Structures are given as structure tokens and as C-alpha cells.
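Structure first, then comments.
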Amino acid sequence: HHIRGDPVIGRLRRFVLAVSAVALAVGWAVALRPVSLGGPATWVVVRGSSMLPTLETGDLVIVHAEPTYAVGEVIAYQVPAGEIGAGHIVIHRLTADEGVAGLTVQGDDNDAPDPWRPGAADVVGRAWVVIPGLGRLIAWLVQPAVVGALAAALAVATAHQRSALPCPARPAPALPRPASCRRAYA
């Protein structure tokens with residue numbers, strides 16, 4: 001008697017997979033869903049060496065907005081409006097909070113603080129999770145040429161799968177022949 005063939009085991013396996021899928025979806029929605037989709041997280045792909053050895057180019061950092069930030073934490077902020085690079089997200093360590101004068105931030109591998117003094121409203125969030133190297137894959141996947149190639153591959157695969165469907169022996173008299181089967185009936 002094989003356990004694998006047991007219908008109870010099969011149902012239990014499907015149930016566990018379904019519960020796991022739901023748990024993953026809920027976890028993503030609650031903790032990892034990007035702000036652009038109404039979630040609490042901002043995903044930042046590290047570019048450059050200013051945060052070595054803490055963060056490397058290609059790392060994915062998920063940041064969460066917090067009510068306050070402490071000196072020493074790694075934060076992501078938008079370059080303040082009116083400054084060169086305004087709106088770009090920078091991820092550096094908070095070195096001082098000067099209140100209304102703004103925050104002082106500096107990359108771990110930099111000799112001087114950043115030239116910008118972001119205010120509290122410019123802060124996107126505190127580094128919450130770092131996934132080494134995943135940012136490279138995400139940056140590559142969102143390139144227009146890659147998106148176009150993936151869409152074309154999907155279209156070809158779908159068309160190929162449809163053409164591989166077997167044609168019925170005889171078409172029903174009231175139904176038109178499928179275009180892919182017309183030669184088979186001629």
C-alpha cells in the first residue's frame with residue numbers, strides 16, 4: 001500500500017499548499033506590498049558604493065515608513081524639491097537630526113555627509129529588509145526590451161499551444177470550423 005496514492009494524503013497536501021499560498025499572499029499584502037499598490041513598503045534597488053560594506057550595488061532594500069527615526073538607522077529619503085536630483089531616492093545612514101534645519105545623512109563609505117538636508121516629510125522609510133543581489137534581477141526585468149521579449153515569448157507560447165490542440169474528427173454541422181483546423185477538412 002503506497003501512501004503517495006492515498007486520496008487523504010493528496011487532499012491534505014493540496015490543503016497545505018492552499019493555506020501556504022494564502023499565507024504568502026496575506027504576508028505580501030500586509031508587509032511587502034509597495035506603496036504604489038497601497039501597501040506599506042518602498043522597494044529600493046541600491047546603485048553605487050556609498051553604503052559599502054553595509055549595502056552593495058544590486059541589493060534590494062525594503063523600507064517601511066516609521067513615525068520617528070533614530071540616529072544610526074539606515075533610511076531612504078527623496079532628494080528635497082528645488083535641489084539637483086530632486087525626487088530621487090537616496091539610501092544612507094542618519095547621522096544627525098537638526099529638527100527644522102533637517103536631517104544629516106551620510107553613506108557608510110563616504111567621507112562627508114550628503115549635500116542635501118531632507119526634512120521629515122522627505123523620508124521614505126527605514127531599512128527593514130535587505131535581500132542581497134535581488135535588485136539586479138528586478139532592475140533587469142523592468143527594462144523595456146526585457147518586458148517586450150517576455151511578452152513576445154508569452155504570445156508565441158500561447159499561439160503555439162492553441163495550434164497544438166487536436167482538431168475534432170468532424171465539425172458539428174451548426175458550428176464553423178476552427179481556423180486552425182480548416183486545412184484538415186478541405
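Atom set for the values below is all heavy atoms of this structure, side chains included, hydrogens, waters and symmetry mates excluded. Just so you know, these numbers come straight off a predicted model, no measurement behind them. Positions are given from 1, in the same order as the sequence printed here.
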Item checked: More than 12 heavy atoms of other groups within 6.0 Å of L37 CG -> yes
Check: Which atom names give the shortest non-hydrogen contact between Q106 and D111, and what distance separates them?
Finding: NE2-C, 3.6 Å
Checklist line | Chi angles and distances behind the side-chain contact (heavy atoms from CB on, under 4.5 Å) call for Y69, D97 | finding: CA-CA 9 Å; Y69 302 95; D97 184 347; over 6 Å; no
Next item on the list: Grab the two heavy atoms, one from A81 and one from A86, that are nearest each other, plus how far apart they are.
Entry: CA-CB, 4.0 Å
Next item on the list: Flag yes if I138 and L150 sit in one hydrophobic cluster, no otherwise; membership is Ile, Leu, Val, Met, Phe, Trp, Tyr, and two members link when side-chain heavy atoms are under 4.5 Å apart.
Entry: yes
Check: Would you find more than 12 non-hydrogen atoms of other residues, nucleotides or ligands less than 6.0 Å from R126 atom CZ?
Finding: yes
Margin query: Could you report the tightest heavy-atom contact between W128 and H64, atom names first, then the distance?
Written below: CE3-NE2, 3.7 Å
Next item on the list: Indicate if L103 and V79 have the same hydrophobic cluster label, given that clusters are the connected sets of ILVMFWY residues with side-chain heavy-atom separations under 4.5 angstrom.
Entry: yes
Next item on the list: Output the distance between atom CG (L55) and atom OG (S49), rounded to the nearest 0.5 Å.
Entry: 11.5 Å
Checklist line | I89 side, atom CD1; I75 side, atom CD1 - distance, nearest 0.5 Å | finding: 12.0 Å
Notebook entry, point to check: Looking at CZ of F15 and CG of L12, how far apart are the two atoms once the value is rounded to the nearest 0.5 Å?
Noted result: 8.0 Å
Notebook entry, point to check: Is there a side-chain contact between R93 and E73 (heavy atoms, below 4.5 Å)?
Noted result: no
Next item on the list: Evaluate side-chain contact (heavy atoms from CB on, under 4.5 Å) for V105 paired with Y77, printing each intermediate quantity in order.
Entry: CA-CA 9 Å; V105 286; Y77 68 92; 3.3 Å; yes
Next item on the list: Kindly give the heavy-atom pair with the smallest separation between V44 and A76, and that separation in Å.
Entry: CG2-CB, 4.3 Å
Notebook entry, point to check: Roughly how far, to the nearest 0.5 Å, is the CG atom of L60 from the CZ atom of R136?
Noted result: 12.5 Å
Next item on the list: For P40 and A31, work out which heavy atoms get closest and say how close.
Entry: CG-O, 3.9 Å
Next item on the list: Indicate, with yes or no, if L141 and L134 share a hydrophobic cluster defined by side-chain heavy-atom contacts under 4.5 Å among Ile, Leu, Val, Met, Phe, Trp and Tyr.
Entry: yes
Notebook entry, point to check: Between V123 and Q78, is a side-chain contact (heavy atoms from CB on, under 4.5 Å) present by the stated rule, with each step listed?
Noted result: CA-CA 6 Å; V123 178; Q78 289 188 330; over 6 Å; no
Check: Does V63 share a hydrophobic cluster with M51, counting links as ILVMFWY side-chain heavy atoms below 4.5 Å and allowing steps through other members?
Finding: yes
Check: Any sub-3.5 Å donor-acceptor pair from R33's side-chain atoms to G38's backbone N or O?
Finding: yes
Checklist line | Cluster check W28, V129: I/L/V/M/F/W/Y, side chain < 4.5 angstrom | finding: yes
Note to self: If you apply the rule side chain to side chain donor-acceptor pair (under 3.5 Å), what do you find for T54 with D108, and how did you get there?
What the structure shows: CA-CA 7 Å; T54 308; D108 289 356; 2.5 Å; yes
Notebook entry, point to check: Would you say S50's side chain and D109's backbone share a donor-acceptor pair under 3.5 angstrom?
Noted result: no
Margin query: Whether the side chain of Q143 engages the backbone of A139 through a donor-acceptor N/O pair (distance < 3.5 Å, no angle test) should be reported.
Written below: yes
Note to self: Consider side-chain contact (heavy atoms from CB on, under 4.5 Å). Of V61, V124, I91, which one does T42 pass it with?
What the structure shows: V124
Checklist line | Full working for side-chain contact (heavy atoms from CB on, under 4.5 Å) between I62 and L32 | finding: CA-CA 8 Å; I62 298 173; L32 301 175; 3.6 Å; yes
Next item on the list: Locate the shortest heavy-atom distance separating P113 from T104; write the atom from each residue and the value.
Entry: CB-CG2, 3.7 Å
Next item on the list: Could you tell me whether a side-chain N or O of W116 sits under 3.5 Å from a main-chain N or O of V90, the two making a donor and an acceptor?
Entry: no
